[in-house]
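Quick notes on the structure that follows.
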Amino acid sequence: MPSADQVIHNIHIASFDPSRPSSYGAITDAVLAVANGKILWLGAADDAPEFEGASQFDGKGQWMTPGLIDCHSHVVYGGNRAREFEARLKGESYESISRKGGGIASTVKATRLSSEADLLQSALRRVDALLAEGVTTLEVKSGYGLDLENEMKMLRVADQLSKVRQLSVRKTFLGAHALPEEFKLNADGFIDLLVDSVMPALVKENLIDAVDVFCEGIGFSPEQCRRVFEKARSFKLPVKGHVEQLSDLKGARLVAEFEGLSVDHIEYLAEDDIPHLLAASVVAVLLPGAFYSLNETRKPPVDALRSAGVPMAVATDLNPGTSPIASLLLALNQSCVLFGLTPEEALTGATRHAASALDLADSKGQLKIGFDADLALWDISHPSELCYGVNMHKPSQVWHCGKPRDNNNV
Ligand code: NIG
Ligand code: FE
């Protein structure tokens, strides 16, 4: 008799395991057993063995999904940009505000002035909103510090989030996000600083899981991003990029050349660059919250990505400027309504493909034997309901690495 810590019975499972032929990888009338924080067994109740020593949990006929994964966020920051929102509503563009020293630069100012404790406290308000919707893994980017001291401060706060909450955190270094004041006319000098001193010091402190860039006219050129990626490669760190958000600088090809994890935004991605993504197994991360908040009209080439078979993830891009949205379920709804994803594609984008975008494809994002027992239980009659309604669903129970999480008191 196999021994388990907990057996969850009387559930339907949306496993997102592609080896199961049913849509959503569904198993109806199912049982799932957990041991040592991992999934020990799952399958039809009729086939379930007896488990020794296990506590029983009655799922009351609800649906279980993997814990959700938000694979792109800037959740740690100081201040907010509500005044900039007002300016944009009066007709000023995101690019024009940014060129005048507002935008990311104003968040850099506020973040530099904030203590680690303040940043943690303000991030937790937003993180708790994500947790309440079943998020069990969150990517957190730096990029509002732009010098060693402040990038380190942000990444330490990201680390803290996983200590004060039952949550897995991936820390992404986004030093090449914007040009700080002190390097105004010297972008190459700033890249020198990033690769010669900031990245090595952060790697030494174990504060980087992946390296990101903002490849854009108001960000950094492909050549400058290449230098950042080369340094990342020397540390064996995977790369990803904010690319083709406002224009097509061929950032996606650069990420593919470095066999990166993901290309994010990609509203301006050219269709003939898609084969490069496919060949390098790069995930396309769609960020409909930024598209919505900026009232953009140019959409990412979803049909072409789908027919090519490029995996698509969906994330919040939670940040104070372009996506002040602390709801992954809303992002899923937006990806369906605005970009035309099916609910199954959207949910796969916040589970299996989101895990790939974070280099976690072997342990998270699917309900599968041996994977982490990150689980969310929902009182719904079909998984599509999670994408269809807005602010209608919260999981009735969440487990992170096999441990129940009290979402009302996280
Ligand atoms: O993902 N594109 C650059 N970075 C963020 C925006 C950050 C900000 O405006 O503060 C994004 O949209
Ligand atoms: Fe972003």
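Each ligand, and each atom within it, is numbered from 1 in the order the structure gives. For this chain, numbers begin at 1 and follow the sequence in order. Everything numeric in this text was worked out from a predicted model, so none of it was measured.
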### Query
Side-chain donor-acceptor pair under 3.5 Å between Asp317 and His72, yes or no?
yes

### Query
Measuring to the Fe ion (ligand 2), does His74 have an N/O/S atom at a distance below 2.8 Å?
yes

### Query
With respect to the Fe ion (ligand 2), what is the nearest N, O or S atom of Asp317?
OD1

### Query
Mind checking what residues have non-hydrogen atoms under 4.0 angstrom from ligand 1?
His72, His74, Arg81, Tyr94, Ile104, Tyr144, His177, Phe214, His242, Gln245, His265, Asp317, Asn319, Gly321, Thr322

### Task
Report the relative orientation of the aromatic rings in His382 and Trp63; use parallel for angles under 30°, tilted for 30 to 60°, perpendicular for over 60°.
perpendicular

### Query
Does any donor atom in the side chain of Thr65 or Trp378 lie under 3.5 Å from an acceptor atom in the other side chain?
yes

### Task
Determine the interplanar angle of the Phe214 and His242 rings, folded into 0 to 90°, and report it as parallel if under 30°, tilted if 30 to 60°, perpendicular if over 60°.
perpendicular

### Query
Would you say the side chain of Met154 lies within less than 4.5 Å of the side chain of Tyr144, judging by non-hydrogen atoms?
yes

### Modelled atom types, side-chain donor and acceptor of Ser384 and Glu344, under 3.5 Å
no

### Query
Do any N/O/S atoms of Asp264 come under 2.8 Å of the Fe ion (ligand 2)?
no

### Message
Could you check whether Arg298 makes a cation-pi contact with Tyr268, meaning its NZ or CZ is under 6.0 Å from the centre of the six-membered ring and within 45° of the ring axis?
### Response
yes

